[in-house]
S.K.: 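Dumping the structure here so I can ask a few things about it.
Throughout, a chain's letter reflects where its sequence line sits, starting with A, and its residues are numbered from 1.
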Number of protein chains: 2
Amino acid sequence: MSLLVTGSIGIDTVRTPYGVSEDCLGGSAVYFTMAAGFFSPVRFVGVIGADCPFDLAEVFAGRDIDLAGLEIRPDSKTFRWAGSYQGNMDDRTTDYMELNVLAEAPPVVPEAFADSEFVFLANTAPALQHELLGQIRNPVFVAADTMNCWIEEHIDDLKALLGKIDCLIINEDEARMLADEPNLIKAAKNVLDMGLGVVIIKKGESGSVMCSGDGEKFMLPAYPAAEVKDPTGAGDSFAGALMGYLAQSGGTDFETLKKAVAYGTVAASFTIADFSLKGLTSIDKTDIDSRFEALRKLTSF
Amino acid sequence: MSLLVTGSIGIDTVRTPYGVSEDCLGGSAVYFTMAAGFFSPVRFVGVIGADCPFDLAEVFAGRDIDLAGLEIRPDSKTFRWAGSYQGNMDDRTTDYMELNVLAEAPPVVPEAFADSEFVFLANTAPALQHELLGQIRNPVFVAADTMNCWIEEHIDDLKALLGKIDCLIINEDEARMLADEPNLIKAAKNVLDMGLGVVIIKKGESGSVMCSGDGEKFMLPAYPAAEVKDPTGAGDSFAGALMGYLAQSGGTDFETLKKAVAYGTVAASFTIADFSLKGLTSIDKTDIDSRFEALRKLTSF
């Protein structure tokens, strides 16, 4: 079934204890698409300025990505972000951020994409996510990401959005903040009560927890990584493989969602093993599938 | 097969956001035995003073516990500990600790226990663990716990002990400290290189990781607990059910160890649901088995 993503395209500079990656391609929609593309065609919606040095058609070569929703604004500049990771990479600091084109009007969803069945709204202002979603006629399954600043400053917009989507994919600290509840299982319940069918809580090195409105639960550790070079894009890769697998299988029952979370976990483990997109561009679907089986063996008893 | 535990018996006072439990029975050997007793007979080795108000034979009634190794010293006082937990109970502070009888000579392992096959050395000075282990003739599988103060101040004794045992069960911060390595998977490898066959790293709310010297790995999330009233004894209950299951099954291969870790996880989840030993005394083996199956369902995909 068809899968659409809306999100950012960025020029990133990342510093970690393993080195520096300057002016490399990043952004939520890019990481998402690179991971989702292992499973399903992707309809891509995003906006860049004329200064963007990357040819996305070339970047995504070998994957079935429809770039009809990529808008290039001649008088605008591309989003830029620079960040640093320290120690065991649990925390990152933003060195600078230039919203540029992301501070302008959002891109338009092409008419040919309006019948999309699976939709992922990457992190941005909830009002914009709402506006983008409004351009899809009758989606089957919509997931979104959000972050602390929207929870703190745009909670009403966010709650309105949660009533319109099926699944929120969120970090554990954000889940606790959104639910105003320190216990993660209770927090998941509170978030589900905002109108969602499913909430997926990412816990970084400690894996993820998924809870459904029907009371089903699933917990999965992260794939054990001896080498973490650059955690940037891990969450978007997770969401990409998850949604890509759902679109490929066409199902949204809890057993299918469990497998989707496992594929998300596997994609994220490849992303963090190298800088920028290299962890995902240096592998193929066979690598994904064999790590999926390894993850099953690592966690079954 | 026979299972022996050496560890503390304490009079505990615990404060959590859910209330206060004053002068209740605690100690590593007590929590261990209460959990192990669901699976296997236990040979108990520990020491108390004449002031101890608890009759352990009564406490363990219904379980097959041999108290021949319980020593009551008429002129000594029982170990006392008081602690407080705050917020989401990740951290605890020790309000006071009186070592009392634990600062004297360790108990003697009765001759009838010298043929024990499975042995757990609960946390104490590594030199004492060594001395206790020396009284067991030919054990099949020995596991031990330790803590930060022994790693910091008695590292040579601890390393000597690790060369003589099969399995170390340790918290994640302690594993990082012992290995001098922030990445947990690398830390596990470093600890295994100190002479162990297996290391099991406890991550609290995030579950546990087990690694073998043969390169096998197993990861299991904690059972999702909506109510955590008192985390005291969680680690010792984990070790108790783990070792109890091993002694019952008689195996120490990796597949058996995986199931043992799952039973340990289940026992710990019952312990933390109520104060002191109540979480373990209010259930039976059927409750343990049905939560074991629930944990399998929660984590399989």
Side-chain angles (χ1 to χ4, degrees), chain A residues 17 86-90 172-173 176 181-190 201 203-211 215-229 245 254-266 269 272 292-301, chain B residues 17 86-90 172-173 176 181-190 201 203-211 215-229 245 254-266 269 272 292-301:
Chain A
Q86 287 88 23
N88 63 353
M89 312 234 203
D90 278 350
E172 60 177 327
D173 291 344
R176 292 194 172 100
E181 163 61 50
N183 180 293
L184 208 57
I185 300 302
K186 288 187 190 172
K189 176 82 172 58
N190 291 2
I201 301 175
K203 303 169 70 182
E205 192 197 45
S206 296
S208 57
V209 177
M210 173 168 65
C211 300
E216 290 161 305
K217 291 188 189 72
F218 176 56
M219 302 179 303
L220 189 67
Y223 186 84
E227 214 69 75
V228 180
K229 284 196 179 163
Y245 177 74
F254 204 71
E255 286 305 312
T256 305
L257 282 162
K258 283 175 160 192
K259 288 191 178 63
V261 167
Y263 275 116
T265 300
V266 165
S269 78
I272 65 180
F292 179 88
E293 287 307 325
L295 183 63
R296 181 178 266 155
K297 185 155 185 289
L298 274 164
T299 57
S300 65
F301 62 88
Chain B
Q86 287 88 22
N88 62 354
M89 312 233 205
D90 278 351
E172 61 177 323
D173 291 344
R176 292 192 172 102
E181 165 61 51
N183 180 293
L184 209 55
I185 300 301
K186 288 186 191 172
K189 175 82 171 59
N190 291 1
I201 302 174
K203 301 170 72 183
E205 191 196 45
S206 296
S208 56
V209 177
M210 172 168 65
C211 300
E216 290 161 305
K217 291 189 190 71
F218 176 58
M219 303 179 302
L220 188 67
Y223 186 83
E227 215 68 75
V228 181
K229 284 196 178 162
Y245 177 74
F254 204 71
E255 287 304 313
T256 305
L257 282 162
K258 283 175 160 190
K259 289 191 177 63
V261 167
Y263 275 116
T265 300
V266 165
S269 78
I272 65 180
F292 178 89
E293 286 308 323
L295 183 63
R296 181 179 267 155
K297 186 157 184 290
L298 274 163
T299 56
S300 65
F301 61 88

S.K.: Return the CG to CG distance between A:Leu298 and B:Leu220, rounded to the nearest 0.5 Å.
M.R.: 11.5 Å
S.K.: Is it the backbone or the side chain of A:Lys186 that comes under 4.5 Å from a heavy atom of chain B, or both, or neither?
M.R.: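 Just its side chain gets close to chain B.
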S.K.: Going from CE on B:Met219 to CE on A:Met219, what distance comes out if it is rounded to the nearest 0.5 angstrom?
M.R.: 12.5 Å
S.K.: Which bit of B:Lys203 is near chain A, if near means a heavy-atom gap under 4.5 Å: side chain, backbone, both or neither?
M.R.: side chain
S.K.: Contact part of A:Ala222 toward chain B, heavy-atom cut-off under 4.5 Å: side chain, backbone, both or neither?
M.R.: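 It is the backbone, since no side chain atom gets that close.
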S.K.: As an exercise, state the distance from CD of A:Glu227 to CD1 of B:Ile185, rounded to the nearest 0.5 Å.
M.R.: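 Between atom CD of A:Glu227 and atom CD1 of B:Ile185 there are 12.0 Å.
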S.K.: If I compare all heavy atoms of B:Lys297 with all of A:Lys258, which pair ends up nearest, and what's the gap?
M.R.: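 B:Lys297 and A:Lys258 have their closest heavy atoms at O-NZ, 2.9 Å.
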S.K.: I want to know whether B:Tyr263 and A:Phe301 have ring centres closer than 6.0 Å.
M.R.: no
S.K.: Can you tell which of A:Leu295, A:Leu257, A:Thr299 has the highest number of heavy-atom pairs within less than 4.5 Å of chain B?
M.R.: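 Going by pairs under 4.5 Å, I would pick A:Thr299.
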